[in-house]
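Per chain, numbering begins at 1; letters A, B, ... match sequence-line order.
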Amino acid sequence: MPKQILPYLKQCDWVLLSLALAIAAVGVAEIYSATQYELSETFYVKQIYYIILGLVVLALVVSLDYRLLSQQVPYIYLVAVLSLLLVLFIAPAIHGTRGWIPLGAFKIQPAEFAKVAIVLTLARFLSENRTHFLTSGEIIKASLLVGLPLGLILLQPDLGSAVTLAPPLAVGLVLGGLRRRWILAGAVLVALITAAGWYSLKPYQKERVYTFLEPERDPRGQGYQAIQSRIAMGSGGLLGKGVTQGSQTALGFLPERHTDFIFSVVGEELGFAGSFVILAFYFLIIMRAIRIAQTARDKLGVFLVLGAVSVLFFHILVNVGMVVGLAPITGIPLPLLSYGGSSMLTTFMLLGLIINVGMRRYIY
Amino acid sequence: MQLRDFYNDKETTQARIPMLQVSIILGFLLLLAGLWRVQILRHNYYSTLAEQNQIRSIRWVAPRGKILDRYGRPLANSRRSYTLSVTRKDLSELESSLDLLTEGLRFEPGYLKSQIEKQRRRPRYLPLVLKEDAGIGDISFIEAHRQELPAIQVVPHPIRNYPEDEVAAHLLGYVTEISENQLESGMFGDTAKPGDIVGQKGVERVYDHILRGVDGEKMVRVDSRGREIETIRMVPPLAGDNLSLTIDIDIQRAAEKAFGDRAGAAVAVDPRTGEVLCLLSRPAFDPNSFATRISRQKWDQLLLDPHKPMQNRAIQSRFPPGSVFKIFLAVAGLQEGVLTPTHTEHCSGSTQIYGRRFACWKKEGHGEVDLHRAIVSSCNVFFYRLGRKLGIDKIAVHAKAMGLGYKTGIDLLGEDPGVIPSPEWKRRIYNANWYPGETISVAIGQGAVSLTPIQLARALGGLGMGGVYNVPHVVPSEDLSRAGRRLPAAFKPDPPLEPRTVRLVSQGLWGVVNEYGTGRRAAVQGFDVCGKTGTAQVISRESRERLTSEGKPFEDNAWFVGFAPRDLPEIAAAVFVEQGGSGGASAAPVLQAMFQVYFDKHKKKQPLNGAGSEHISFSLPSERVN
């Protein structure tokens with residue numbers, strides 16, 4: 001048995017895993033720093049548990065051949081959709097939205113796991129296509145597969161999480177053989193949907209966009225977070241103030257500082273140097289993943305990796321963009337860094353899929 | 001064929017991967033540019049903003065709910081006060097102006113330094129409190145010296161106020177800042193934070209979760225001179241809920257007044273419901289003195305005081321009941337059938353039992369006494385012999401059937417169960433045998449038997465009710481469920497008291513007050529008060545004589561217990577006066593004062609029932625009279 005496993009372990013992308021763990025470790029330190037004056041909960045200890053749990057989940061995902069995993073796609077998809085339906089009925093409304101199912105001591109966020117389900121589902125669907133280009137029927141089918149869970153998440157309502165399901169669809173369709181004119185048409189469509197969507201946005205969502213464009217418009221409410229985030233980052237300078245030394249963080253000016261805004265704590269305490277290194281780590285993880293996609297043994301593997309990459313990249317882009325003032329404020333966490341169990345597990349599942357494909361490039 | 005397809009398709013996909021790579025690289029470059037702009041190019045700008053981010057988070061203390069008496073009159077409320085404090089961040093600024101502050105706020109030299117030192121251990125985000133309940137002079141001093149003292153904050157802060165001062169202090173309890181131990185133990189719930197003001201003792205403690213509100217927060221931006229420029233965020237506090245008690249402050253005041261400076265306790269309950277109308281313990285403390293940070297000295301003084309002012313004697317202390325216990329002996333005798341109304345004993349001033357002489361309090365003796373006369377004149381000899389006939393086990397069974405020797409279940413903490421001794425009890429506690437002579441002492445309420453005032457008030461009311469013992473409570477039953485409590489059902493012993501027993505004993509107790517008995521000073525004209533005196537020896541006769549000769553007179557403890565009116569009791573009470581001497585002289589007037597107020601309020605204008613002693617009905621009242 002060990003002899004059979006050994007070659008697989010050699011093929012496991014240890015560098016990618018180490019980079020991910022390094023980011024997660026920085027996250028624990030910064031969560032500790034951000035919540036050191038909170039007496040009610042020890043967030044950083046919980047985050048360590050989440051990371052350990054994440055590694056266990058990763059090991060599970062990696063141990064199963066991804067081709068076997070893709071055979072379970074109908075069930076996985078069904079569970080994801082059912083749990084999103086369930087959330088609408090049983091989850092308690094917090095701040096007007098419902099997204100969490102309380103499960104004993106834990107709270108489960110089905111929208112997070114839906115991301116993994118969508119990556120798997122799209123990969124299976126697209127890999128079964130045997131022609132050069134996608135037919136319009138296939139495009140519509142793929143869109144519906146994504147549209148159903150996306151719509152359910154919108155009903156919670158959780159715009160941020162819903163939007164994260166779009167990138168795997170876009171990347172999947174383009175790489176799956178969307179004709180060039182369709183790519184063009186898609187771009188136009190996105191522009192139209194954006195315009196139409198603007199009119200269907202809830203007032204508070206519109207307000208977020210306004211304040212993104214002009215934070216000083218509302219320095220106490222929405223804009224407050226944006227301004228405080230930038231003050232924290234900017235005051236960090238080149239080298240930062242040191243872990244636990246961030247005054248803006250310590251004084252609690254920054255709301256959500258251990259979850260969505262953890263990167264501004266990194267920026268304040270570790271400076272440009274620290275945030276640059278973190279970004280570089282993310283970049284290396286993604287580039288290695290794409291390398292795995294390029295050498296994957298089959299189409300299924302390619303689409304699995306690229307789907308996972310698109311989800312991770314979108315999160316990083318939107319979250320860091322929000323913190324530095326390039327994107328509006330949305331409730332999208334930063335993979336590996338933000339505090340939270342569901343996000344951590346999802347990230348490790350996606351990394352597990354990538355490593356899984358990489359490990360089974362060659363036949364033994 | 002299939003193979004070819006596969007590679008072709010893969011090529012389409014692979015050919016487009018560089019497109020994705022380029023997009024991702026562009027995305028990261030964009031983020032990097034954003035980082036560069038914020039952290040490098042605009043570093044100075046944001047640093048300045050961070051410095052100016054003089055945002056102060058001020059705890060906006062929620063006022064505690066009021067405690068009201070049964071008619072809505074305040075027993076505890078909140079008053080506005082101001083706290084002078086400084087945030088940790090600004091502490092260094094303060095060091096240079098310590099002398100100015102010490103002078104301006106009239107502190108002892110060195111006090112401020114020690115105060116700051118003492119609060120260093122508190123969590124960093126809590127401001128350092130310099131002075132609580134600051135006067136108008138202090139505040140105008142701070143405002144006049146704003147230039148030199150920019151860091152000092154003047155924060156409005158509701159302070160617990162007890163308008164009646166010491167009245168009902170033990171019942172109400174007091175509030176203080178939550179202690180570290182209390183915080184760790186989680187006894188005040190998960191939401192309790194350092195700096196929270198919580199109830200300690202009494203109603204404040206038991207119903208803390210109702211009374212305590214949720215503190216709010218105010219975030220303000222201040223300029224470099226400490227002045228508030230704007231409010232950034234306001235989370236208004238949620239005030240605590242008000243809580244009505246069953247207490248009648250008029251009865252409470254009357255009892256406190258009648259008590260004077262003596263030590264002891266008085267409890268009055270409505271036996272029909274168990275509602276506590278009055279509960280006092282002496283000596284008392286002023287709960288207002290805890291509302292602001294109490295000094296160590298003052299606290300030690302209260303704790304170490306030999307008179308134990310913090311002890312709630314009404315429920316937490318037990319004392320030998322003395323002759324009061326004869327009531328329960330009479331009940332036991334009648335219930336057991338060893339006693340008939342016509343049975344008489346001869347009292348010659350003492351009697352020989354088990355080869356020992358037991359004395360009556362009346363040296364010349366009472367002569368021939370029947371049950372009624374024995375109760376009215378409190379003849380010891382009659383009850384010695386009754387006690388011997390009954391035996392200790394039966395005495396204990398009947399006393400316990402009236403709720404004695406158990407906690408009553410009142411909604412206050414630290415209740416003492418009292419002691420109803422028995423051979424089994426003595427073996428368990430002292431690992432010693434019961435001597436027959438001890439039974440004779442117990443028969444007149446001496447020896448190991450000891451009871452709490454609340455127990456006696458309940459037992460007397462329950463007796464008057466014909467054997468229904470309601471659980472005493474200070475919060476009305478309809479509000480208890482809101483407080484997450486449930487009122488236990490009334491205790492009805494099995495077998496129940498026979499109406500004849502109740503009638504005969506009540507008649508005797510009526511005689512104590514209204515005939516030639518020892519309790520005449522408890523009488524309320526037209527109210528048919530029933531009662532019984534008790535005098536319990538605290539120390540041996542020899543010790544007392546020695547102390548008296550040394551100029552330190554030591555008196556017996558005095559009791560008076562009773563209920564009224566006789567037929568359908570509406571109020572029952574127990575009064576205990578430490579070293580009060582005789583129960584009739586010292587305790588009965590306190591009960592009288594309480595009953596008089598009740599009578600004036602509820603009965604005066606109503607047509608009175610005839611004071612006839614022949615026809616007595618014991619059906620339970622179907623409706624409340626008040």
Side-chain angles (χ1 to χ4, degrees), chain A residues 36-37 39-40 126-127 129-133 171 174-177 219-221 224 227-228 230-238 240 247-248 250-253 267-268 271-272 275-276 279-280 282-283 286-287 290 293-294 296 298-299 302-303 306 309-310 313 316-317 320-321 323-326, chain B residues 2 5-6 8-21 23-25 27-57 87 89 123-126 183 190-194 219 221 230-234:
Chain A
Q36 54 186 323
Y37 302 119
L39 293 170
S40 51
L126 293 168
S127 65
N129 169 38
R130 298 267 163 237
T131 55
H132 287 267
F133 295 106
V171 168
V174 170
L175 293 168
R220 289 171 209 188
Y224 175 74
I227 295 170
Q228 292 304 327
R230 261 174 265 173
I231 291 177
M233 287 221 89
S235 65
L238 180 64
S247 63
Q248 302 299 300
L251 293 173
F253 297 145
E268 181 180 18
F272 176 77
S275 29
F276 176 80
L279 270 194
Y282 280 126
F283 181 71
I286 285 172
M287 284 304 139
I290 291 178
Q294 284 173 325
D298 53 17
K299 264 176 92 175
V302 177
F303 284 115
L306 294 181
V309 162
S310 65
F313 174 65
I316 297 163
L317 189 71
V320 177
V323 169
V324 297
L326 293 172
Chain B
Q2 223 182 359
D5 250 8
F6 170 74
N8 270 347
D9 291 340
K10 203 178 164 189
E11 270 162 23
T12 318
T13 305
Q14 296 290 7
R16 283 180 175 179
I17 284 185
M19 235 163 93
L20 181 69
Q21 273 174 314
S23 319
I24 288 175
I25 291 170
F28 271 99
L29 284 177
L30 186 70
L31 292 182
L32 203 60
L35 281 180
W36 181 266
R37 185 182 67 158
V38 172
Q39 298 198 277
I40 306 294
L41 296 183
R42 312 196 69 184
H43 169 58
N44 287 339
Y45 168 70
Y46 284 123
S47 283
T48 320
L49 280 186
E51 299 263 302
Q52 284 173 359
N53 227 345
Q54 302 273 5
I55 297 180
R56 281 185 185 153
S57 168
T87 51
K89 186 161 70 83
R124 259 179 64 179
Y125 60 83
L126 282 184
L183 202 60
D190 303 334
T191 54
K193 303 178 294 298
M219 265 199 178
R221 191 189 305 279
E230 59 168 347
T231 304
I232 289 164
R233 207 150 53 122
M234 285 214 287

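When all heavy atoms of B:Q21 and A:M287 are compared, the closest pair comes out as O-CE, 4.2 Å. Pairing each heavy atom of B:I17 with each of A:A293, the nearest pair is CD1-CB, 4.4 Å. Taking each heavy atom of B:S47 and A:S235 in turn, the nearest pair found is OG-CA, 3.7 Å. For the residue pair B:Q14 and A:Q294, the shortest heavy atom distance occurs at NE2-O, 3.3 Å. Minimum heavy-atom separation, A:V324 to B:V38: O-CG2, 3.6 Å.
Side-chain contact between B:M19 and A:L175 is absent, with no heavy atoms from C-beta onward closer than 4.5 Å. The closest side-chain heavy-atom distance from B:L20 to A:V174 is not below 4.5 Å.
For chain B, no part of A:L126 is nearby; none of its heavy atoms comes within less than 4.5 Å. Contacts between A:V320 and chain B at a heavy-atom distance below 4.5 Å involve backbone atoms as well as side-chain atoms. At a 4.5 Å heavy-atom cutoff, the contact between A:F303 and chain B is made by side-chain atoms alone. For A:I286, the part sitting under 4.5 Å from any heavy atom of chain B is the side chain, from C-beta outward, and nothing else. In this structure, chain B has a heavy atom under 4.5 Å from the side chain of A:F313, while its backbone stays farther away.
In this structure, CZ on A:R230 lies 11.0 Å from CG on B:L49, to the nearest 0.5 angstrom. Distance CZ/A:F276 to CG/B:L35: 9.5 Å, rounded to 0.5 Å. In this structure, A:I290 CD1 and B:I25 CD1 are separated by 8.0 Å, a value rounded to the nearest 0.5 Å.
Here A:S275 pairs with B:Q39 under the side chain to side chain donor-acceptor pair (under 3.5 Å) rule; sequence neighbours left out. Remark: A:L238 engages A:F272, B:I40 in a side-chain contact (heavy atoms from CB on, under 4.5 Å) (not counting sequence neighbours).
A centroid separation of 6.0 Å or more is found between the aromatic rings of A:Y282 and B:F28.
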